[in-house]
**Student:** 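One structure, as structure tokens, below. Some questions next.
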Amino acid sequence: MSFDFTVAIPTYNGESRLPKVLERLQNQTGVTHLKWEIIVVDNNSTDNTAKVVREYQAIWHKDVSFQYFFEAEQGFPFARQRAIKEANGELIGFLDDDNLPALNWVQAAYTFAKEHPRAGAFGSRIHGTYETNPPEELKPIIFYLAIVDRGSQPLIYEPRKKGLPPGAGLVVRRNVWKQHVPSRLFLVGRAGTSFMPAGEDTEALLYIHKAGWEIWYNPAMEIEHVIPSWRLEKTYLMTLMRSIGLGRFHLRMLSLHRWQRPFAFFIYLISDLHKLIIHFTNFRKFAQGEIVAACEMERLIGTLISPFYLSKIKLINFMNRH
């Protein structure tokens with residue numbers, strides 16, 4: 001059975017967060033002409049996520065399919081890949097279990113896809129909804145928490161200039177993803193409560209971009225990203241930034257031709273070492289406990305050691321397969 005649109009929600013221990021997301025989806029407007037579905041991919045939860053989904057399935061609109069799938073392999077890339085496999089929609093919109101879509105989100109996504117046929121993927125305008133207001137000093141790095149506001153006009157992402165959108169609130173064409181994104185990405189990011197080298201969203205989008213498809217920002221698709229207090233704490237932010245740095249080498253190499261990579265390795269290594277030395281020199285001037293400076297230090301350290309750390313992971317993976 002084919003659908004116009006699939007909303008896919010990967011979740012891990014989301015029993016307390018999912019209801020708010022599902023209530024927003026229950027009340028979507030402008031979708032009476034659409035044939036759409038919702039799928040929840042339970043990424044090995046240990047709480048009552050499955051029970052919550054069953055309760056909502058029992059009261060869901062009869063004209064909107066609502067399915068539940070269990071994915072035991074931990075990590076967002078595995079949950080999203082399972083969603084791609086199970087989805088029946090020509091378009092797939094990803095919502096994390098802490099993403100509250102505007103009531104016209106589905107309609108705005110579908111309309112944008114029809115108006116931009118070369119858009120292989122496009123991201124949302126994401127506002128932060130904070131349990132406690134972030135201190136002013138965190139503003140320079142708050143975008144790392146998947147907060148995206150690039151204005152009120154659509155724009156095309158250029159990976160080397162403007163980066164790429166996060167997976168939260170991302171819409172992709174199912175066939176484009178299936179044709180160009182590997183079934184297993186190398187980067188994993190956050191898996192449950194553990195961090196691995198991050199950048200899995202960017203890795204998938206780079207494959208789509210390299211295949212010649214456009215990646216867009218669509219401000220008509222608005223989302224509230226609920227940020228709990230613990231995600232503003234120094235320990236979490238420093239771990240996140242180290243994880244982002246560790247994934248950097250893989251993403252850089254993915255953007256280059258094979259013949260460019262050996263030369264780029266040495267250029268990036270020298271450049272990263274230079275940046276780290278400069279930041280370390282300046283870091284001593286900051287007041288002790290200055291969060292942004294400490295987080296930037298973690299990101300730079302992670303970036304510098306990234307090629308060696310990732311090589312170790314590749315070697316371990318190779319040995320495990322043989």
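What you see is a predicted model, and the numbers here were worked out from it, not measured in a lab. Residues: numbered from 1 along the sequence shown.
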**Student:** Shortest non-hydrogen contact from Ala293 to Glu290?
**Tutor:** N-OE1, 2.7 Å
**Student:** Charged N to carboxylate O under 4.0 angstrom, Arg299 versus Asp272?
**Tutor:** no
**Student:** Would a distance-only check, ignoring hydrogens and angles, find a side-chain to backbone donor-acceptor pair under 3.5 Å from Arg125 to Ile223?
**Tutor:** no
**Student:** With under 30° as parallel and over 60° as perpendicular, where do the rings of Phe263 and Trp259 fit, or are they tilted in between?
**Tutor:** perpendicular
**Student:** If you count every heavy atom of other residues, nucleotides or ligands that lies below 6.0 Å from His33 atom NE2, does the total exceed 12?
**Tutor:** yes
**Student:** Is a donor on one side and an acceptor on the other found under 3.5 Å between the side chain of His209 and the backbone of Ile215?
**Tutor:** no
**Student:** For Glu222 and His127, does a side-chain donor sit closer than 3.5 Å to a side-chain acceptor?
**Tutor:** yes
**Student:** Got a second to check how far Gln81's CD is from Glu86's CD, nearest 0.5 Å?
**Tutor:** 11.0 Å
**Student:** Compare all side-chain heavy atoms of Asp201 with those of Arg80 and state whether any distance is below 4.5 angstrom.
**Tutor:** yes
**Student:** Tell me which one of Arg24, Arg17, Lys20, Arg231 satisfies salt bridge (Lys or Arg N to Asp or Glu O under 4.0 Å) with Asp98.
**Tutor:** Arg231
**Student:** For Tyr217 and Arg150, does a side-chain donor sit closer than 3.5 Å to a side-chain acceptor?
**Tutor:** no
**Student:** Is there a path of hydrophobic side-chain contacts, each under 4.5 Å between heavy atoms of I/L/V/M/F/W/Y residues, joining Leu185 to Leu256?
**Tutor:** yes
**Student:** Hey, could you give me the OG/NE2 distance between Ser255 and His250, rounded to the nearest 0.5 Å?
**Tutor:** 9.5 Å
**Student:** Count the heavy atoms belonging to other residues, nucleotides or ligands that lie under 6.0 Å from CH2 of Trp230, then report whether that count exceeds 12.
**Tutor:** yes
**Student:** Supply the atom-to-atom distance Glu15 CD to Thr49 OG1, rounded to the nearest 0.5 angstrom.
**Tutor:** 6.0 Å
**Student:** If only atom types and distance count, is the side chain of Thr11 paired as donor or acceptor with the main-chain N or O of Asp97 below 3.5 Å?
**Tutor:** no
**Student:** Nearest 0.5 angstrom please: Trp36 CH2 to Phe5 CZ, how far?
**Tutor:** 8.5 Å
**Student:** Using only heavy-atom distances, determine whether the side chains of Ser229 and Glu233 contain a donor-acceptor pair under 3.5 Å.
**Tutor:** no
**Student:** Run the salt-bridge test on Glu298 and Lys234 with the 4.0 Å N-O cut-off and return the result as yes or no.
**Tutor:** no
**Student:** Are Ile270 and Leu304 grouped together when hydrophobic residues (ILVMFWY) are joined by side-chain heavy atoms under 4.5 angstrom apart?
**Tutor:** no
**Student:** Could you tell me whether the side chain of Pro10 reaches within less than 4.5 Å of the side chain of Asn43, counting heavy atoms only?
**Tutor:** no
**Student:** Find out whether Leu25 and Leu95 are in side-chain contact, i.e. whether some heavy atom of one side chain is under 4.5 Å from a heavy atom of the other.
**Tutor:** yes
**Student:** I'd like to know if the side chain of Glu214 and the backbone of Trp216 have a donor-acceptor N/O pair within less than 3.5 Å.
**Tutor:** no
**Student:** Any donor and acceptor pair, going by atom type alone, linking the side chain of Ser45 with main-chain N or O of Asn13 inside 3.5 Å?
**Tutor:** yes
**Student:** Write down the atom of Trp213, the atom of Ala119, and the distance for their closest heavy-atom approach.
**Tutor:** CE3-C, 4.1 Å
**Student:** Hey, does the side chain of Ser243 reach the backbone of Thr239 with a donor-acceptor pair shorter than 3.5 angstrom?
**Tutor:** no
**Student:** Looking at every non-hydrogen atom in both residues, tell me the closest pair between Glu200 and Phe76 and how far apart they are.
**Tutor:** OE2-CB, 4.4 Å
**Student:** Are Val171 and Met221 close enough that some pair of their side-chain heavy atoms sits under 4.5 Å apart?
**Tutor:** yes
**Student:** Quick one: OH on Tyr110 to CD on Gln107, what's the gap to the nearest 0.5 Å?
**Tutor:** 11.0 Å
**Student:** Whether the His279 and Glu296 side chains hold a donor-acceptor pair (N or O, under 3.5 Å, no angle test) is what I'd like checked.
**Tutor:** no
**Student:** What are the two closest non-hydrogen atoms of Ala264 and Met253, and how far apart are they?
**Tutor:** CB-CE, 4.0 Å
**Student:** Can you say whether the rings of Phe94 and Trp177 are parallel (under 30°), tilted (30 to 60°) or perpendicular (over 60°)?
**Tutor:** tilted
**Student:** Begin from the C-alpha positions of Gln67 and Asn88 and carry the test side-chain contact (heavy atoms from CB on, under 4.5 Å) through to its verdict.
**Tutor:** CA-CA 11 Å; Gln67 298 187 76; Asn88 296 296; 4.2 Å; yes
**Student:** Show the nearest heavy-atom pair for residues Leu251 and Gly199, with the distance to one decimal.
**Tutor:** CD2-O, 3.7 Å
**Student:** Are Tyr157 and Pro165 side-chain neighbours, meaning at least one heavy-atom pair lies under 4.5 Å?
**Tutor:** yes
**Student:** Take Thr303 and Tyr268, measure what side-chain contact (heavy atoms from CB on, under 4.5 Å) needs, and give me the verdict at the end.
**Tutor:** CA-CA 9 Å; Thr303 300; Tyr268 280 129; over 6 Å; no
**Student:** Looking only at side chains, do Gln74 and Tyr12 share a donor and an acceptor under 3.5 Å apart?
**Tutor:** no
**Student:** When you compare the side chain of Lys178 with that of Ile84, does any pair of heavy atoms fall below 4.5 Å?
**Tutor:** yes
**Student:** Would you say the side chains of Glu37 and Thr6 form a donor-acceptor pair under 3.5 Å?
**Tutor:** yes
**Student:** Please evaluate residues Ile9 and Val41 with respect to the criterion side-chain contact (heavy atoms from CB on, under 4.5 Å), reporting the C-alpha separation (whole Å), side-chain torsions for both, the decisive distance (0.1 Å), and the verdict.
**Tutor:** CA-CA 6 Å; Ile9 311 171; Val41 179; over 6 Å; no
**Student:** Given the rule in the side-chain contact (heavy atoms from CB on, under 4.5 Å) test, do Leu205 and Leu170 qualify, once you have shown the distances and angles that lead to the verdict?
**Tutor:** CA-CA 10 Å; Leu205 289 173; Leu170 182 72; 4.0 Å; yes
**Student:** Using a 6.0 Å cut-off, check whether atom NZ of Lys210 has over 12 heavy atoms from anything other than its own residue.
**Tutor:** yes
**Student:** Linking I/L/V/M/F/W/Y whenever any side-chain heavy atoms sit under 4.5 Å apart, do Ile278 and Val292 land together?
**Tutor:** no
**Student:** In the single-linkage hydrophobic clustering (I, L, V, M, F, W, Y; side-chain heavy atoms under 4.5 Å), do Phe266 and Tyr309 co-cluster?
**Tutor:** yes
**Student:** Are Leu246 and Ile305 close enough that some pair of their side-chain heavy atoms sits under 4.5 Å apart?
**Tutor:** yes
**Student:** Kindly say whether Gly212 contributes a backbone atom to a donor-acceptor pair with the side chain of Arg118 at under 3.5 angstrom?
**Tutor:** yes
**Student:** Below 4.5 Å, heavy atoms only, C-beta onward: do Phe186 and Leu254 meet side chain to side chain?
**Tutor:** no
**Student:** Quick one: does any side-chain atom of Gln28 pair with a main-chain N or O of Trp105 as donor and acceptor, under 3.5 Å?
**Tutor:** yes
**Student:** Cluster question for you: counting only ILVMFWY and a side-chain heavy-atom cut-off of under 4.5 Å, with indirect links fine, are Leu310 and Tyr207 together?
**Tutor:** yes
**Student:** Give a yes or no on whether the backbone of Phe112 and the side-chain of His116 come within a donor-acceptor separation of less than 3.5 Å.
**Tutor:** yes
**Student:** Does the Arg173 side chain pair with the main chain of Ala113, one donor and one acceptor, at a distance under 3.5 Å?
**Tutor:** yes
**Student:** So, taking the atom named OG in Ser16 and the one named CG in Asn48, what distance separates them when rounded to the nearest 0.5 Å?
**Tutor:** 10.5 Å
**Student:** Which pair of non-hydrogen atoms, one from Glu203 and one from Leu187, has the smallest distance, and what is that distance?
**Tutor:** OE1-N, 2.9 Å
